[in-house]
Amino acid sequence: MPQKIRVGVIFGGRSAEHEVSLVSAASVIKALDKEKYEVLPIGITPEGRWLSTHEALKLLKEKSAVDDIPEHILVPDPRKRGLVLLHKASATDDARQVDVFFPVLHGTYGEDGTIQGLFELANVPYVGAGVLGSAVGMDKVIQKHLLQQAKIPVAPAVWFLFPEFETHRKKIIGQIEKKLRYPCFVKPANMGSSVGISKAHTRTELIDAIFLAGEFDRKILVEKGIEQAREIECSVLGNDDPVASVPGEIIPSNEFYDYDAKYVDGKSAAVIPAKLLKLVTKKIQEYAVSAFKALSCEGMARVDFLVTKKTNTIFLNEINTIPGFTPISMYPKLWQASGLSYPALLDKLIELAIDRHEAKKKLKTSYTPKKDWYKG
Ligand SMILES: Nc1ncnc2c1ncn2[C@@H]1O[C@H](COP(=O)(O)OP(=O)(O)O)[C@@H](O)[C@H]1O
Ligand SMILES: [Mg+2]
């Protein structure tokens, strides 16, 4: 029997979306085919402490011919803040190296490129976008710039740093009211699950909303409210040649798709596939794939749109590089509706992670100049 692939499923994390990640990870672990995979659950506490750290640390260990040289590593545990001596791992730990990481982490320190940087340094395959795609996918302001560059329609917006607002409040409010009017949406640039997001209908609400968003990020994005819009989501899968799923529609239980509507009240509904004109479906799939490429995504992403009810005007709202993975989450459900079961989707994601790693391994990381270039 071929050796099972050891998958390190990482969950929790230093994020406002910690709890959501636990639900997603439980469902990923359940659905991974145990005939093919050995699952190693790795937890990260809200403070950033790694549980089952030994296995992760083992991965980072650089093999050396000389066994007794004390090895130091930078541990991803913020309490250490530096290099620590890696004690000789026990015999049982040796058997627990990870073949591929599956970060089922949402939001900060999981979906934003930071942990992906750690995987890169450790030279181990991992599911999903790399450092750049993750960072760009997380920052709603940078993301918007790149989408505009790729000629993908987005809601008009104003952005600023929170300290700027404290000193130039009048000017910034003036810009927002002139360019966007009310209602507008105020968002921390780097967040997810609607945490810190408000819909502002008046100047007073706008100011409160900015202060709330400022609790989560220094960078604030204010967008024109797209009124009478449907929430359409589309899943994308692939590395160099990504493909789009059928789109689905979310019918939020609240005025907008806030945290409660997403996870708490259980009243939001999903319509899969979304009832859209063929032409609109096609356009959404095209934009989803173009955005995936323009934002340097890899593996997977869920691309969310706002589509106006009357005129079918499409706005790309945001991209999620580690979308929800609960059994009722849109990302796997849209693939299911497109003919790919949840376990088959996980197989594909792991295959894509390994493919990317193999392709990257072939690239040179050193260079020897042909001529003596140093004339000093
Ligand atoms: N410009 C907008 N116009 C109308 N609704 C919006 C707009 N921006 C966000 N929303 C609503 O707020 C929700 C959360 O915003 P989003 O940008 O997707 O943040 P998150 O990353 O937290 O999911 C959206 O699903 C939508 O319901
Ligand atoms: Mg969203």
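Every value quoted in this text rests on a predicted model; they were computed, and no experiment measured them. We count ligands from 1, going down the list as the structure has it; atoms in each ligand are counted the same way.
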| Going by heavy atoms, is Lys199 under 4.0 Å from ligand 1? | no

Checking heavy atoms under 4.0 Å, the part of Glu231 that sits near ligand 1 is side chain

The option among Glu17, Glu318, Met138, Lys187 carrying the non-hydrogen atom nearest to atom 17 (O) of ligand 1 is Lys187

query: Ile197 near ligand 1, heavy-atom distance under 4.0 Å?
result: yes

For Val39 and Lys34: C-alpha separation, side-chain torsions, deciding distance, then whether side-chain contact (heavy atoms from CB on, under 4.5 Å) applies. CA-CA 8 Å; Val39 178; Lys34 306 300 180 301; 4.2 Å; yes

Exactly one of Ile10, Leu349, Ile322, Ile29 clears side chain to side chain contact (heavy atoms under 4.5 Å, CB included) with Phe102, and that residue is Leu349

among protein heavy atoms, the one nearest atom 22 (O) of ligand 1 is Ser194 N, 2.4 Å

When distances are taken from atom 3 (N) of ligand 1, the protein heavy atom at minimum range is Ile226 N, 2.8 Å

closest protein heavy atom to atom 12 (O) of ligand 1 is Phe256 CD1, 3.1 Å

Verify whether one side chain among Glu120 and Tyr126 offers a donor that lies under 3.5 Å from an acceptor in the other. yes

Counting from 1 in the order shown, the ligand 1 atoms closer than 4.0 Å to a non-hydrogen atom of Leu306 are 2 (C), 3 (N), 4 (C), 5 (N), 6 (C), 7 (C)

Original post:
For the side chain of Lys361 and the backbone of Asn123, is there at least one donor-acceptor N/O pair under 3.5 Å apart?
Top reply: no

Taking distance alone, with N or O pairs closer than 3.5 Å, would you say Phe185 contacts ligand 1? no

Q. Is Glu249 salt-bridged to Lys275, cutoff N-O under 4.0 Å?
A. no

The single option from Glu223, Glu227, Glu205 that satisfies salt bridge (charged side-chain N to carboxylate O under 4.0 Å, His left out) with Lys199 is Glu227

Within 4.0 Å of some non-hydrogen atom of Gly225, the atoms of ligand 1 are 3 (N)

*Charged N to carboxylate O below 4.0 Å: is that the case for Glu358 and Lys362?*
no

Does Asp304 put an N, O or S atom under 2.8 Å from the Mg ion (ligand 2)?
no

Sub-3.5 Å donor-acceptor pair from the side chain of Gln336 to the main-chain atoms of Tyr342, do we have one? no

At under 4.0 Å between heavy atoms, what of Asn320 touches ligand 1? The answer is neither

inquiry  = When you compare the side chains of Ser24 and Ser21, does any donor N or O come within less than 3.5 Å of an acceptor on the partner?
reply    = no

Filtering Lys224, His106, Glu111, Glu233 for the heavy atom nearest atom 1 (N) of ligand 1 leaves Lys224

One pair to check against side-chain hydrogen bond (donor to acceptor under 3.5 Å, both in side chains): Asn190 and Asp217. What are the steps and the verdict? CA-CA 7 Å; Asn190 293 274; Asp217 200 343; 2.8 Å; yes

heavy-atom search around atom 21 (O) of ligand 1 in the protein gives Lys140 NZ, 2.7 Å

Here the N/O/S atom of Glu318 closest to the Mg ion (ligand 2) would be OE2

For atom 16 (P) of ligand 1, the closest protein heavy atom turns out to be Asn317 ND2, 3.6 Å

Residues Glu231 and Tyr257: closest non-hydrogen pair is OE2-CB, 3.7 Å

the protein heavy atom lying closest to atom 13 (C) of ligand 1 turns out to be Tyr257 O, 3.6 Å

